[in-house]
Amino acid sequence: MRGSSRFIEACWGKPHNGIPVWFMRQAGRYQPAYRQLRERYSFLEMALSEKVIVDVTCRPVEELGVDAAILFSDIMIPMGPMGIDFDIQEHKGPVIAHPIRRVQDLKHLKPLRPEDDLPEIFRSIEQICRRIDPIPLIGFAGAPFTLASYLIEGGPSKNYIETKKMMWEQPELWHEVMITLADAVVSHLHAQIRHGVQAVQIFDSWIGALSVEDFEYAVLPTMKEIFSRLNRLHVPTIYFGTGSAALLPLMKQTGARVLSLDWRVSLAKVRQDLGNEMALQGNMDPVLLLSSWDVLARHVRRILDSMAGDPRYIFNLGHGVLPNTNPELLKRLVAMIHDYVPGTNDIGI
Ligand code: 1CP
């Protein structure tokens with residue numbers, strides 16, 4: 001049996017001691033051990049090696065003292081067995097050999113059969129859960145919009161021109177793409193939960209590119225369907241986006257139990273606007289980790305004071321840890337959050 005964890009308790013809004021903390025991209029390039037391995041292996045070799053997945057995932061728990069681990073993987077990994085030929089290039093990210101633009105391109109995709117297609121990942125999840133117990137492991141997947149943006153553009157993008165054109169000019173094909181990806185996301189996350197992850201996060205990193213109207217029409221129905229299928233398994237479900245301030249009321253409607261926010265919004269204001277049912281996660285600017293400790297600590301204190309006493313709050317960054325971040329600073333930050341004692345707060349929650 002697993003013990004209780006303040007991260008899981010905070011997701012559900014149950015009483016717990018101290019503010020939970022973990023970091024997006026805590027398993028990755030800022031870690032000296034990761035960089036050493038990366039000199040010898042490609043990213044994809046590492047992301048499919050059981051030993052590497054387990055080690056890179058567990059280290060932040062053991063070295064930084066965070067309250068949750070996140071699986072070392074990538075949102076693109078399930079796309080391989082579905083028939084997408086891609087590579088992950090250093091300093092760039094995913095590059096897709098044959099972008100999806102027409103109905104025929106979609107016809108070649110196979111449904112994901114997670115345990116048969118990616119056995120290394122599920123064996124790793126079981127090992128990780130045993131090694132870090134009672135600290136929980138967070139599983140994840142990319143959201144259909146963010147995945148689609150890579151598949152349609154062929155790689156990282158600034159203006160999402162082909163993606164938006166498909167969304168507007170070929171709504172039926174767009175719908176098919178969203179449904180196909182939604183099925184893969186749900187089956188991948190269901191399998192991760194079956195093998196032991198205790199919470200799941202859906203990364204919609206580039207959703208801020210959409211207007212409120214486009215999100216409501218072209219993305220929201222799929223996200224509602226995904227969260228409704230996931231919530232049946234009674235594990236916390238987290239929805240993350242960046243640049244998404246205008247979308248937050250609609251992101252709440254998806255049914256996600258936790259919203260993960262970037263640094264552009266005020267947590268206390270979002271709490272006020274969205275009410276008390278959902279947990280909130282975030283939202284320190286990751287660039288602060290490249291500043292001096294004094295500057296960093298002042299900003300952290302402000303965030304913690306603004307959410308003091310809120311049982312549904314989880315400290316995190318507004319986006320991933322940047323590669324040049326000093327691990328010692330992350331460790332000190334975790335300690336500061338755990339040692340935090342609220343003064344008086346004027347939020348009243
Ligand atoms: O060269 C290298 O060593 C690869 C760098 C790297 C790493 C360490 C990539 C390529 N992915 C990852 C791991 C990763 N990716 C994790 C690990 C777990 C953790 O958080 O600690 C996670 C959750 C992801 C998810 C991911 N991949 C997202 C969503 C989160 C986010 O940061 O917005 C996205 C958008 C990707 C695509 C991707 N993969 C890699 C890069 C550099 C990118 C971004 C490219 C772009 O700017 O579009």
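Counting convention: from 1, in listed order, for ligands and their atoms alike. All of these numbers come straight from a predicted model, not from anything done at the bench.
The part of Ser73 lying near ligand 1 is the backbone, judged by heavy-atom distances below 4.0 Å. Contacts with ligand 1 closer than 4.0 Å are made by backbone heavy atoms (N, CA, C, O) of Lys92 only, the side chain lying farther away. With a 4.0 Å cut-off on non-hydrogen atoms, Arg25 touches ligand 1 through its backbone as well as its side chain. Of the heavy atoms in Phe140, only side-chain atoms (C-beta onward) come closer than 4.0 Å to ligand 1. By the criterion of a heavy-atom distance under 4.0 Å, the backbone of Leu71, and not its side chain, is placed next to ligand 1.
Summary of contacts: the protein heavy atom closest to atom 25 (C) of ligand 1 is Ile75 CG2, 3.7 Å. For atom 10 (C) of ligand 1, the nearest protein heavy atom (residue, atom name, distance) is Ile88 CG2, 3.4 Å. Given atom 8 (C) of ligand 1, the protein heavy atom at minimum distance is Tyr34 OH, 3.5 Å. Protein heavy atom closest to atom 46 (C) of ligand 1, with residue, atom name and distance, is Tyr150 OH, 3.2 Å. Summary of contacts: the protein heavy atom closest to atom 4 (C) of ligand 1 is Phe43 CD1, 3.4 Å. Among protein heavy atoms, atom 39 (N) of ligand 1 sits closest to Asp74 OD1, 2.8 Å. Counting only heavy atoms of the protein, atom 42 (C) of ligand 1 lies nearest to Gly93 CA, 3.8 Å. In terms of protein heavy-atom proximity, atom 21 (O) of ligand 1 is closest to Ala27 N, 2.7 Å.
Every ring-ring contact (aromatic ring centres under 6.0 Å, His included) that Phe72 has, sequence neighbours left out, goes to Tyr34, Phe43.
At least one heavy atom of Pro94 sits closer than 4.0 Å to an atom of ligand 1.
Checked against a 3.5 angstrom limit, the closest N/O atoms of His91 and ligand 1 fall outside it. Looking at Arg29 next to ligand 1, no N or O pair under 3.5 Å apart turns up.
Ring geometry for His195 versus Phe122: interplanar angle of 30 to 60°, hence tilted. Relative orientation of the Tyr160 and Phe145 rings is tilted, given thresholds of 30° and 60° on the angle between their planes.
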Side-chain donor-acceptor distances from residues 81-102 under 3.5 Å, at least two apart:
| from | atom 1 | to | atom 2 | distance (Å) |
| --- | --- | --- | --- | --- |
| Arg101 | NE | Ile152 | O | 2.8 |
| Arg101 | NH2 | Ile152 | O | 2.9 |
| Arg102 | NH2 | Asp105 | OD1 | 3.0 |

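Looking at Glu45 and Arg40, no side-chain N of the basic residue comes within less than 4.0 Å of a carboxylate O on the acidic one, giving no salt bridge.
The contact set between ligand 1 and Met24, taken as ligand atoms under 4.0 Å from a residue heavy atom, comprises 20 (O).
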